[in-house]
Amino acid sequence: MTSLSDLPLRANLVGKQPYGAPQDPVPVSLNVNENTHPIPEDVVADIVESLATAVRGVNRYPDREFTELREALAGYLGHGLTAEQLWAANGSNEVLQQVLQAFGGPGRSLLSFTPTYSMYPLLASGTDTAWVSVPRPADYVLTPELVVGALREHRPDIAILCGPNNPTGTPLDREVILAAYDAFDGILIVDEAYHEFDAEHESAVTLLPERYRLLVSRTMSKAFAFAGVRLGYLAADPAVIDALRLVRLPYHLSALTQAAATAAIRHSGEMLATVADIREQRDRLAEALEALGYEVHPSGANFLLVGGFADPDGVFESLRAQGILIRNLGIEGHLRITAGTEAETTTVIDAITALTSR
Ligand SMILES: Cc1ncc(COP(=O)(O)O)c(C=O)c1O
């Protein structure tokens with residue numbers, strides 16, 4: 001049988017592992033930070049109607065510029081943004097890949113502060129961009145001093161600040177973004193995949209005016225409960241959008257994706273109605289785990305990074321055997337848990353309580 005090592009793979013991909021969070025069909029799936037609440041039925045009906053209209057036109061290629069969707073996204077973000085400043089792709093992963101294709105590549109580098117989102121180094125290898133990993137301090141909080149020091153030392157072509165940060169949940173302060181932007185002359189991406197859960201911080205889109213190297217990436221996969229549709233987006237200077245047009249595949253956003261996302265944005269209020277409850281469940285989970293003696297890192301997202309597990313692998317497997325999937329990222333003593341519905345959160349609290357008192 002042929003194996004990877006028999007193939008003339010690009011050197012920078014040799015030995016790499018693909019992204020692969022488990023996708024077990026378990027009753028309580030809290031491992032990839034989705035919104036676990038179902039979409040309201042009236043919204044489903046409106047999306048289906050829009051899809052039906054779109055299907056009647058699929059003999060033709062879709063709008064390559066997805067203008068209606070970009071207008072809807074600009075309206076959703078507000079702050080005077082216009083469609084010319086918006087871009088979208090199949091998940092923010094694809095948006096980030098396009099940014100690396102346009103601004104990274106051989107001889108160029110991408111820097112971020114780890115632990116952070118595990119796809120960044122994979123996107124770097126896929127585009128042959130050098131990956132520079134700068135460790136976060138013990139509390140995972142970025143400071144202007146740390147960020148400026150790293151950017152001045154490494155002078156990357158692209159830097160990503162993830163706020164709130166996956167997998168630690170750590171919020172990102174505005175002063176850090178401002179200091180980072182002024183510390184180097186490359187592309188600065190602020191990844192706001194979890195922004196809607198972070199009521200305490202203003203979006204970095206408010207910093208876009210006069211900052212043409214600042215890119216703010218967002219997604220409908222998390223708070224918007226739309227992970228299955230695959231719709232990520234980005235707000236930036238119109239010149240950045242022109243750069244992304246150079247690397248996107250023609251018609252990369254299907255007519256069905258465009259129709260579903262545009263319809264969902266019409267109902268953004270209803271789609272985001274569960275955010276308050278998810279934040280409540282996150283805080284309830286944090287309180288319960290702290291009472292059990294675990295170390296819960298402050299989170300502005302819909303998940304918690306929890307330390308103090310003597311045997312994280314054992315706890316992960318024991319919960320998995322009970323039909324509860326959480327995330328084991330290989331951070332010593334730690335596990336990451338998504339805040340689910342009230343019932344799911346109760347199930348995970350009860351299961352960890354039982355394991356702890358054993
Ligand atoms: C920080 C961060 N950025 C981006 C993504 C990618 O999301 P998507 O491609 O579904 O938009 C994720 C998904 O988990 C994430 O955690």
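All ligand and atom numbering here is 1-based and tracks the order in the structure.
Scanning the protein heavy atoms around atom 14 (O) of ligand 1, the nearest turns out to be K222 NZ, 2.8 Å. Shortest contact from atom 7 (O) of ligand 1 to any protein heavy atom: S92 OG, 3.3 Å. Nearest protein heavy-atom contact of atom 9 (O) of ligand 1 is R230 NH2, 2.9 Å.
Side chains of W131 and L123 form no contact here, defined as non-hydrogen atoms less than 4.5 Å apart. L234 is listed as a side-chain neighbour of L244, based on a closest heavy-atom distance under 4.5 Å.
By the 4.0 Å heavy-atom criterion, C162 is counted among the residues contacting ligand 1. Taking 4.0 Å as the cut-off, N33 does not count as a neighbour of ligand 1 on heavy-atom distance.
Looking at T219 next to ligand 1, an N or O pair under 3.5 Å apart turns up.
Remark: H334 engages H297 in a ring pair (Phe, Tyr, Trp, His ring centres under 6.0 Å) (not counting sequence neighbours).
Each of the following atoms of ligand 1 lies closer than 4.0 Å to a heavy atom of N93: 6 (C), 9 (O). Listed by atom number, the atoms of ligand 1 under 4.0 Å from N166 heavy atoms are 1 (C), 15 (C), 16 (O).
One distance of note links CG of L13 with CG of L4; it measures 9.5 Å at 0.5 Å rounding.
In the candidate list A89, A227, S221, S221 is nearest to atom 10 (O) of ligand 1, counting heavy atoms. When the heavy atoms of F224, Y117, F226 are ranked by distance to atom 12 (C) of ligand 1, first place goes to Y117.
Remark: R336 qualifies as a cation-pi partner of F303 under the 6.0 Å distance and 45° angle criteria applied to the six-membered ring.
Close placement of the W87 and H252 rings is indicated, their centers lying within 6.0 Å of each other. Not less than 6.0 angstrom separates the ring centroid of F66 from the ring centroid of Y251.
Using a 4.0 Å cut-off between heavy atoms, D191 contacts ligand 1 through its side chain alone, with no backbone atom that close.
Each of L142, V147, V148, T143 was scored for a side-chain contact (heavy atoms from CB on, under 4.5 Å) with E145, with one residue passing: T143.
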